[in-house]
Amino acid sequence: MSSAGLAGAVRSGMVWSIMESWGVQLLQFLTFLVIARYVDAAMLGIVALALLVGQWFQMIALSGISASLVSRGRADPELDDTAFWIAAAAGVLLSIATFVLADWAEATAGHAGLGWVLRWLSIANLLSALNLVPQAWLTRALQMRPLAIRSTISTFVGGCVGIGLAIAGYGVQALVAQNLAVAIVGTLILWAACPLRPRLRFSRKHAREILFYGRHVGVTGAANFFNANSDVMVVGLALGGAATGIYTVGKRALLAANLMLARALSRVALPVFSRLKDDPVRLAGAFLRIVSATASITTPAFVGLAIISDEFIFLLFGPRWAAAADVMRYLSLFGALQAIGIYNQSLMLAMGKPQWQTWLATIYALVNIVTFFFAVQYGLWAVAAAFTARAYLLYPLSVLPVTLLLPIGWNYYWRALQPSILASLVMAVALWLVRGQLQGTPPLAMLLCTIAFGAIIYAIALGFLGRTLVLDMVQFARARAEFQAAHVSRLMKQLKLLTDGAAHYALYMTDISGFILHWNRAAERFTGWSATDIMHRHVGLLYPDRADIKERLAEAFVQARQHGSWEFDYRFHRSDGSNYLQNCVVTALYDNDGMLQGFANLIRDVTLERAHEFALQERENELRLILETAPDGVFVFDAQGHVEYINEAASRMFGYSLAELQGQDFESLLLVCPSGEEPADERPFRIVEITQKVERKLIGRHCNGSNFATEMTFVRVEANGGTRFTAFVRDLSEQEATKARLEILQAEMLDGTRYSAMGAMASMLSHELTQPLTALAAYMEGGGILLRHLTVSNRRKLEEIFHLAAQESVRAGAIMRHLRDFASNGEAQLEVQDMGDMVRSSIALVRSTAANAQVRLAVRIDPDAGPVFADPVQIQQVIGNLCRNAIDAMRGMDERVLSIDAVRVDELTTQVRITDTGTGIAAEIRERLFDAFVSTKEEGTGVGLSICRTIVEAHGGRIWVEPTPAGSCFCFTLKRKKGILCGGNEDDPYRGRRIFGQGGDRLLVGA
């Protein structure tokens, strides 16, 4: 932050801090005055002792965390979050401990009701911990306005609650309710005003920093706690609750005055000192000014307060609190010293020396405790007097670190305080003389006369004694100027070293008129001009006889004023006649007040760089020309599928120009042809993942609405600009037309081949019809026998025989029909069939034959075997033929088991296995087993297995025989139904989509 900005922030912070201090302390003091008139001294003493727990927590646990945040001088969100969770944890632990140990504390102190007060006030301690980080955040940013508003409103609400309950006669409950109301309302306002919102993150590094810094501040806080409150603790333990209440009234008046007079400046001191710690001269000046300003206000105020303590206590608290006047008188003299001593502590914290303050506070605390235990036997006034005497005797120890950390001596420190102290002493003597003459005057009149006369005497004395202060300040300003001059000289040398170290950059500075003020060594090398020849001369001297460059440089100065900086290239000619291409960046230089001071000119040789750029541009043009003349279409699109480039071939292919497609979705140019049962998709596929080159055949959409076949190759490219995809598109329209013509020719050739195979069809008919006709004849012959011996019991058998005979005749007709259809078009009529139903119906046809041959059937059908595409009659033929062959092969064997298994092989294939325990198949005919007229049976025709192979292959499957240890195993496959779910996993994101393409990268899936 600039000096002007920091000064403005300091002034704003001081104004709001003063408003908060005066407003809040006035409200608190008025509330205390009213409540003190309705509660007795014992109740007030109990609450004062209970509040010490919260003060102890604030000064020991929380002050270290807050100081570590404020002393940073800059925002660090991770540090703030870590500090918040540390403070929150500390607050929870303290609240639990206070709640649990409250009864023990009450019994130890011997004050009835102390435990109840401690439990309720533990809530306020927890809220203080939660408020720590936002309060430190606002303080570090010097945003005192929301802090002032928060304190004022919460104090007002708490005061109203406390006064109302005190008047209603609730006594100690009124004091507790007041503190809780202040804590709750303050918390709500603080979190509403602060933009900080802690996140769930914790940094061990920052935690160690906070604890390391805070341990000294915490120990210092503990020592300061005993410094500030050991008197109350000793009085409470030694003299009882009533004496504690009286001592608290006298000290509370001092505390209110101290906070109203000194806190406004002291709250701003730590953040200001933290920001100036790198500039010891500015810091020393700020420190002395703050100390002097504070002393000029607080010293006469506290001295005057000590003089009017009797009237003050009598008028504000009433005659029953008169004993508190002596306490207030002695402690007011301590307050005058405390108001300026707080800056010594702030300076040590800002300069990173919290351990020094720790040692000082520890010494003070030890001396306090020892002194108070000796003084308490003489009464309350002796404790207050001992407190003040210790402070004045040991104060030089607090000033010693200031002289070590800042370039100021004891004399400067004393001279900053001297006018205020001497003027206050003159005022005290004058008031003592005047008050002696006003004996018997009413208290109010005495109070007003003392204040008015004291203010006049102090102002006159300060004006007379302040002349020496002016002389001291002049001397200090002279010393400061000398120090700054040396500092500036050192900075100039460092700047010269820095700029000369930039070997590849010529750097020079001009004033607003163009005269050169700084010239580095690289500028000498770049231009050929030495610093002695060019310094304090106009920059136009660098470009003799080059009016064009002078005009461009003048334009650059104008543009830099408007835009901050300006850049241009030009050809520069050195003084030795050589030349090179320069890049010049002109930057306007402004001071803290926004006034233009000159221009910085950064020059570098870009001859090779521009040559490389030109070569790259030429190479890019060549590549673009190659792409534009490529016969295939080329698309380039980003990771979201938005088209960035198309070549001329792609434009012709799809009918769009680059301007029309740029930024459009590449998928909108593609279409996948659906099957007859599936509707067309508007967005047919998604590009899921491309990790390498992937080829796909897709349908392209022309701008006129027509579709055409394409073959696309996708390539993923990683570049500095991110992920890009390149698609190379080839129009397959002519190729598809040629393929269609070839298919027609192939169909005509197949017709000729089919007619030539009609001779073999007769053998097929003979083989296939023999079985059903033989079975029909047997059924009819058996029926005739039953008719000749017709009885009631034979009637049912006769009906079953006729039914079976009818089935065989229908089966023979179906065989004839399917063989006729196959002969006419060479294709099987495939439908979706359940694999299990076809196997079971086929087994029913051979079950009686197996029973007669004493063959045991074992059927296993996988639940995932179907559905499949098949002609059920033809598949029954295949299974029946293979089963009958197996039964014939097992005649005469000891073990006769026929196993039929139907299992799923993959998503597109189902396999049927027929295994027997027969004689097996000889190796010499295994390869020719499915050829026509090859048989292992003496009465066989040799066409059964050939027909089976023809049927299976017409179904898109294959049939083969596998060797087994005993018997044989025939296997054939069928195609499963297409369009099944893509994957069986419920978590598969593509489950339920149609598969349009397959491959290792799983590029395209149905929408």
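The residues of the chain are indexed from 1 along the displayed sequence. As the structure is a computational prediction, the values presented were derived from the model and not from experiment.
- R856 CZ: 12 or fewer foreign heavy atoms inside a 6.0 Å radius.
- The two atoms that bring G956 and K975 nearest to each other are O-CE, 3.4 Å, heavy atoms only.
- The two residues S842 and I875 have their closest heavy-atom pair at OG-O, 4.3 Å.
- The shortest non-hydrogen separation linking Q911 to V905 is CB-CG2, 3.6 Å.
- The 12-atom threshold is exceeded at CZ of R201, counting heavy atoms of other residues, nucleotides or ligands nearer than 6.0 Å.
- For the pair G700 and T710, the tightest heavy-atom approach, listed with the atom from each and the gap, is N-CG2, 4.1 Å.
- Residues I887 and V855 share a closest heavy-atom pair of CG2-CG2, 4.3 Å.
- At a threshold of 4.5 Å between non-hydrogen side-chain atoms, the residues V715 and F725 do not count as touching.
- Residue A870 comes nearest to Q833 through the heavy atom pair O-CG, 3.5 Å, listed as atom of the first residue, atom of the second, then distance.
- Interatomic distance, N885 CG to D916 CG, rounded to the nearest 0.5 Å: 9.5 Å.
- When atom types are taken as modelled, the side chain of R976 and the backbone of E907 share a donor-acceptor pair closer than 3.5 angstrom.
- Here the side chain of H955 pairs no donor or acceptor atom with the backbone of G957 at under 3.5 angstrom.
- N647 CG to M653 CE: the interatomic distance, rounded to the nearest 0.5 Å, is 8.0 Å.
- Note: L661 CG to F654 CZ = 9.0 Å, rounded to the nearest 0.5 Å.
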